Amino acid sequence: MSDVAIVAAGATRFDERIPRRAEELVAEALLEAFDGVKGLSLNEIDTLVTSYFIDARQVAEEWIIQDYIGHIPRAAFRVENGGGSGASAFYTAYSLIKGGLSDVVLVAGWEKMSLYRTLMANELIARGLDVDFDFDVGAIYTACYAMMAVRRMHVYGEREEDFARIAVKNRNNALKNPKGQWKRRITVEDVLESRLIAYPLKVLDCSLISDGAAVLILSSVERAKEITDDPVIVEGIGIGTDTMRLGDRAEITNFPACRVAARRAYRMAGIDDPVRDLDCAEIYDSFDTVELQTYEDLGFVKKGKGVEFIEETEIGGRLPVNMSGGLEGMGHPIGASPIAEIAEIFWQLRGESCNQVDGAERGLVHSHGGAGTAVVVSVLGR
Amino acid sequence: MGFLLEYRDDWGMIRPFFEGLSEGRLYGTRCPLCEKIYCPPRAHCPSTGCNLSQTEWVELEPKGVLESYTILGLSTQGHIDELPLILGLVRVNGCSTCLMMRVEAERDELSCGARVEVRFREDAKRMRDLYAVLIG
Ligand SMILES: [Zn+2]
């Protein structure tokens with residue numbers, strides 16, 4: 001069984017509205033990826049694995065993409081796993097190469113959120129809640145995360161200021177990212193004074209609504225040598241799952257699915273002390289509270305102690321997190337976001353990031369769908 | 001987006017739960033093997049070892065505990081007029097799971113662990129027709 005490498009990555013800028021069709025966004029991301037490779041042509045990509053989230057307007061949108069980028073008649077399909085779709089597409093691509101079914105796989109994700117008014121975008125995402133129970137009572141996704149946060153405030157004594165520090169870090173990191181959507185330096189006060197979405201979460205505690213696309217090209221390590229001088233190795237990967245309804249869980253302060261995913265990825269990569277063994281991470285900050293909870297579930301710090309770890313996640317800290325700006329700063333085109341997170345770690349390990357962690361050799365990528373219903377953790381190395 | 005999506009739902013095997021709402025009764029399902037009580041109800045028990053055994057209906061006393069809550073400043077289109085609204089996770093006494101539902105209370109009275117009673121609006125048909133109030 002061959003080991004698997006990432007040989008190229010590309011992403012469009014993420015923004016509130018980009019005057020491009022979804023397929024044009026994917027083409028632009030793909031052109032960037034191809035800029036960085038030698039000895040590979042489009043027709044050598046034997047399989048395309050795609051990811052997008054909102055089916056409301058165009059169903060089977062992946063069929064437009066595969067046609068547009070000239071991939072037909074070769075194998076292609078979409079992977080759906082909520083907000084974790086992009087990372088699950090990556091997991092699938094990894095498996096295809098590992099299993100010998102494919103040699104070179106393109107992973108492409110996109111979202112065109114500007115097609116929908118903000119209220120409608122929220123509603124379409126909320127339909128990923130159980131529509132007969134949680135959606136029916138008026139819940140949006142933010143409500144589930146808010147109830148987890150209220151529970152943490154009750155159990156661990158966390159404060160809104162603690163959550164806000166993460167939003168500030170990520171948004172201010174995005175100022176260094178030319179592809180980032182967020183362009184204004186903010187403070188904890190800005191977050192606290194922003195508009196209420198679901199107590200204790202305000203609009204600046206939440207990720208952005210974005211257009212954008214991102215791609216990765218994966219191959220066997222043998223083939224990778226012909227494509228690039230600087231491949232990044234997929235050292236470990238894992239998926240964990242949980243109930244769709246928050247109320248069906250035994251635990252709502254943290255994400256058991258993340259712990260399952262991390263355990264698998266760490267075992268594959270031979271990691272037993274993640275803070276020592278990792279140099280940087282991208283965490284799926286759909287809400288700043290998710291990043292906080294995830295420090296604990298990834299084993300960076302003990303349960304209930306996440307707040308103590310926030311300062312370590314700044315550039316220069318023991319384990320910088322969301323150098324790209326994350327979903328709060330770079331942006332959140334749902335089908336593309338996890339792929340952009342992987343791309344950021346790919347660039348970090350090659351020393352090419354716009355917000356570089358010095359000497360980064362091993363990084364982690366965390367993605368998350370539902371309210372922690374599907375969590376994907378990957379470890380990348382040199 | 002010129003048309004509204006409409007659905008014809010028959011609620012499947014958990015229909016008795018929704019029929020109970022209109023009578024002001026709260027039903028859950030109990031697994032005969034592990035004895036867990038589910039509300040929201042499930043027709044089959046997913047617990048390890050129960051192998052999706054079929055559950056039995058049990059009537060529940062409409063009282064429980066507020067495990068957590070939030071105050072919404074934004075909701076879906078059908079609920080925008082009701083903002084700000086409070087949602088909570090209510091663990092009905094004896095149940096392994098919680099129902100998400102409306103809470104009618106003053107904000108400063110809300111707390112995790114508060115005891116609540118579940119009430120039914122007239123001619124209740126769906127989850128949105130249930131709400132919890134705080135009790136002593
Ligand atoms: Zn059982």
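Order of the sequence lines fixes the chain letters, A, B, ..., with proteins taken first and strands second; residue numbering starts at 1 for each chain. What you see is a predicted model; the values in this text were computed from it and never measured.
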- [ ] Output, in order, the C-alpha distance, side-chain angles, deciding distance and verdict of side chain to side chain contact (heavy atoms under 4.5 Å, CB included) for A/Val137 and B/Met127.
- [x] CA-CA 6 Å; A/Val137 302; B/Met127 277 306 297; 3.7 Å; yes
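- Using a 4.5 Å cut-off between heavy atoms, A/Asn122 contacts chain B through its side chain alone, with no backbone atom that close.
- The part of B/Ile80 that comes within reach of chain A is its side chain, from C-beta onward, which places non-hydrogen atoms under 4.5 angstrom from that chain.
- Within a 6.0 Å sphere centred on CD of B/Glu104, heavy atoms belonging to other residues, nucleotides or ligands number more than 12.
- Using a 4.5 Å cut-off between heavy atoms, B/Asp129 does not touch chain A at all.
- In this structure, no portion of A/Arg152 lies under 4.5 Å from any heavy atom of chain B.
- The candidate with the highest count of non-hydrogen atom pairs below 4.5 Å against chain B, out of A/Ile252, A/Asp248, A/Asp136, is A/Asp136.
- Residues B/Ala105 and B/Leu134 share a closest heavy-atom pair of CB-CD1, 3.8 Å.
- Side-chain contact between B/Glu82 and B/Arg102: present, with at least one pair of heavy atoms (C-beta onward) separated by less than 4.5 Å.
- Residue B/Glu67 touches chain A through both its backbone and its side chain, counting heavy-atom pairs closer than 4.5 Å.
- Residue B/Leu83 does not touch chain A at all, counting heavy-atom pairs closer than 4.5 Å.
- Ring geometry for B/Phe17 against A/Phe133 counts as tilted: the plane angle lies between 30° and 60°, on a 0 to 90° scale.
- Only the side chain of A/Ala126 comes within less than 4.5 Å of a heavy atom of chain B; its backbone N, CA, C and O stay farther away.
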- [ ] Before giving the answer on side-chain hydrogen bond (donor to acceptor under 3.5 Å, both in side chains), spell out for B/Lys36 and B/Ser47 the whole-Å C-alpha distance, their side-chain angles and the decisive distance to 0.1 Å.
- [x] CA-CA 9 Å; B/Lys36 277 186 184 161; B/Ser47 291; 3.1 Å; yes
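- Aromatic ring centres of A/Phe53 and A/His332 lie farther apart than the 6.0 Å criterion allows.
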TODO: List the steps, then state whether salt bridge (charged side-chain N to carboxylate O under 4.0 Å, His left out) holds for B/Asp123 with B/Lys125.
DONE: CA-CA 6 Å; B/Asp123 198 25; B/Lys125 287 190 176 66; 2.8 Å; yes
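- Contacts of A/Leu201 with chain B are absent, with no heavy-atom separation under 4.5 Å from either backbone or side chain.
- Of the listed residues (B/Leu72, B/Ile14, B/Asp9), the one with the most heavy-atom contacts under 4.5 Å to chain A is B/Leu72.
- Only the side chain of B/Phe18 comes within contact range of chain A, with at least one heavy atom under 4.5 Å from a heavy atom of that chain.
- Annotation: cation-pi geometry satisfied between A/Arg78 and A/Tyr52 (NZ/CZ under 6.0 angstrom from ring centroid, within 45° of ring axis).
- For chain A, the option among B/His79, B/Arg91, B/Arg107 with the highest count of heavy-atom pairs below 4.5 Å is B/His79.
- Contact count versus chain A (heavy atoms, under 4.5 Å) is highest, among B/Leu99, B/Leu89, B/Leu85, B/Val90, for B/Leu89.
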